[in-house]
Amino acid sequence: MLRFLAGRLLALALTLLAAAALIFLVLEVLPGDPAALILGVNARPDTLATLHHQLGLDRPAALRFPLWIFGLLRGDFGESYTYHAPVAGLIADRVMVSLPLALLALALSTTLAIPVGVFAAARRRRIGDTLAMAVAQLGVAVPNFWLGLLLILLFAVKLAWLPASGFGGWSGGIWHGLRSLILPALALALPQAAILARVTRSAVLETLGEDYLRTALAKGLSRNAALWRHAVPNALIPVFTILGLQFSFLLAGTIIIENVFTLPGLGRLIFQAIAGRDLIVVQDLVVLLAGSVIVVNFAVDIAYVLVDPRLRQSGPR
Amino acid sequence: MKTLARLGPAMVVGGAISAALFGMALVSLVWTPYAPSAIDIAHRLASPSATHWLGTDPLGRDVFSMLMAGARNSLAVAVLAVVIGMGVGVPLGLFAAARGGIIDDFLMRAADLVFSFPALLTAVVITALAGPGARNAMLAIGIFNVPVFARLTRGTARAVGARGFVIAAKVFGRGDLAISRAHILPNIAAPLVVQASIQFALAILAEAGLSYVGLGTQPPAPSWGRMLNDAQTYIFAAPRLAIFPGLAIMLAVLGLNLLGDGLRDWLDPRLQRPPADPAP
């Protein structure tokens, strides 16, 4: 077990490094000299050179990459050119918006989707199942930013229950911050819940066909007890895989949704950074988001092995 | 008639919506009720009527004409994004499956790596830095289709590769390329077609998202995502402007998803079994 964990951790570190290298490479290859873009077309060559030096662009890429990586490891994310502030601080401020948003969306989607999926599986081919799956089919097709607009129309414009945009901040209490996040979280969560409900349904249907379930029923367990004690726990493995993957969708989704609701989160930061060609901020943000996806999926993989001893013998897939 | 019934409702409904979508896009090439970018300030923000079926926007442009032209742009980007994904991904997958070993390992690790980047986030960064526009949006979406098709092709090709007729072809001395083309590709076409319809739907969503944040199709070319962005400014004055483009996106994605479901049930040889629900 320990050897297995050590191997997986090494693979994780290598993946993270490869991801960072890929981002660095892509940003190197993409056209446009940030210094020239910041200063405009009429910049004098000497000011350009000075800015190059300030941005560290006069050093070769082969040196900048390891410097960046070692900086990240020490928690030094570099200095933003447009904000004149350490990137770590900028990110820390915005994480307080984006992370609660993503987590709230994940919680909403899970609490909605799993019961619906189990319910649909238990009443397969009956009216409840058909209805739930029709709604899910629609939900999968709805773009989350449009759903955001519809939610604004209903809850902010018509009913005036919740704010249409902006963020109140956490200083005025939990509710003060949370109320700005409810609509965006719903917009993110509902399409994801539709996918998750479908996965849950098919996973439960799969386990309902297993021999051990027939055995449980034959031994006189009630249908409901067999469902919740045997079918559902065994169905959760594919559900958790999808949950891990959905984390990535939610993170990417916050980028667009924060634009719909003008929330000052990581998504807004990345757009502002791109507009100002503040490449170090872009680079840090992408590596951070990709890194968290990698780590979450790693955690899901490890969790499987802890939950399901059958996976331990076969080792990593 | 028997074959039509066997196609199943998902295939019929999905096929009909998809056909309508493509029809609308094709017709928009030669005819729209009004020129989609014709500004008519005198009739701005008109309500739906006989003259303007879905009303007009703040610049007096006809919403229905814009939706038709938007379908064309959306579909063009999505089709090409899927073509890029299949064009690169399928050969890579076949190659990985045929060679196996270290090449296979390397290609699949690379696919895993690309998967670890949130696709939409990366598409945003790429289009924003490389320059907004339909062409870069298409490339950025297409890149993320490559590992999807590479993985699927590799997995299914390996399963087919273990079957008797492929081994027989090998014994007769046919090369990897010939075997891949003559024996493997025809046998894995069905799952590839199903996946293509799913990726197609996802590409429409992605294009709409990129255009919504101003990175996809550029004005004056109409696009569904951009129409939604424009509508947000007028959400109090003319909320219907936010309804129609979203409905168009939803219907398009729904139609393609249903078509994919239908195709899978139809092409899947295990059809006799009750159809299982798809993974996303």
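Worth knowing before you read on, the calculation uses all heavy atoms, side chains too, and leaves out hydrogens, waters and symmetry mates. Below, chains carry the letters A, B, ... as their sequence lines are ordered, and counting in each starts from 1.
Per-residue heavy-atom pair counts under 4.5 Å with chain A were compared for B:L205, B:L120, B:L228, and the maximum is reached by B:L228. With chain B as the partner, the residue from A:I274, A:I255, A:L250 showing the most heavy-atom pairs under 4.5 Å is A:I274.
Residue contact with chain B, scored on non-hydrogen atoms closer than 4.5 Å, involves the backbone and the side chain of A:V260 alike. With a threshold of 4.5 angstrom between heavy atoms, A:L150 approaches chain B through side-chain atoms but not through N, CA, C or O. Contacts of B:L113 with chain A are made by side-chain atoms alone, with heavy-atom separations under 4.5 Å and no backbone atom involved. With a 4.5 Å cut-off on non-hydrogen atoms, A:I270 touches chain B through its side chain but not through its backbone. Only the side chain of A:F271 comes within contact range of chain B, with at least one heavy atom under 4.5 Å from a heavy atom of that chain. With a 4.5 angstrom heavy-atom cutoff, B:L251 does not touch chain A via any of its atoms. Only the side chain of A:L22 comes within less than 4.5 Å of a heavy atom in chain B; its backbone stays farther off. With a 4.5 angstrom heavy-atom cutoff, B:A128 touches chain A via backbone and side-chain atoms both. With a 4.5 angstrom heavy-atom cutoff, A:V282 touches chain B only via side-chain atoms. Heavy-atom distances place the side chain of B:L215, and not its backbone, under 4.5 Å from chain A.
Interatomic distance, B:R240 CZ to A:L153 CG, rounded to the nearest 0.5 Å: 12.0 Å. The OH atom of B:Y212 sits 10.0 Å away from atom CG of A:N144, with the distance rounded to the nearest 0.5 Å. Rounded to the nearest 0.5 angstrom, B:D112 CG and A:T15 OG1 are separated by 8.0 Å. Rounded to the nearest 0.5 angstrom, B:L254 CG and A:L138 CG are separated by 5.5 Å. Expressed to the nearest 0.5 Å, how far CD1 of B:I243 lies from CG of A:L149 amounts to 9.0 Å. The distance from atom CD of A:Q137 to atom CG of B:L258, rounded to the nearest 0.5 Å, is 4.5 Å.
Side-chain atoms of A:L289 and B:F117, non-hydrogen and from C-beta on, never get closer than 4.5 Å to each other. A:V26 has its side chain out of reach of B:T122: every pair of non-hydrogen atoms, C-beta onward, lies at least 4.5 Å apart.
Under the 3.5 Å distance criterion, the side-chain polar atoms of A:W146 are left unmatched by any main-chain donor or acceptor of B:I249.
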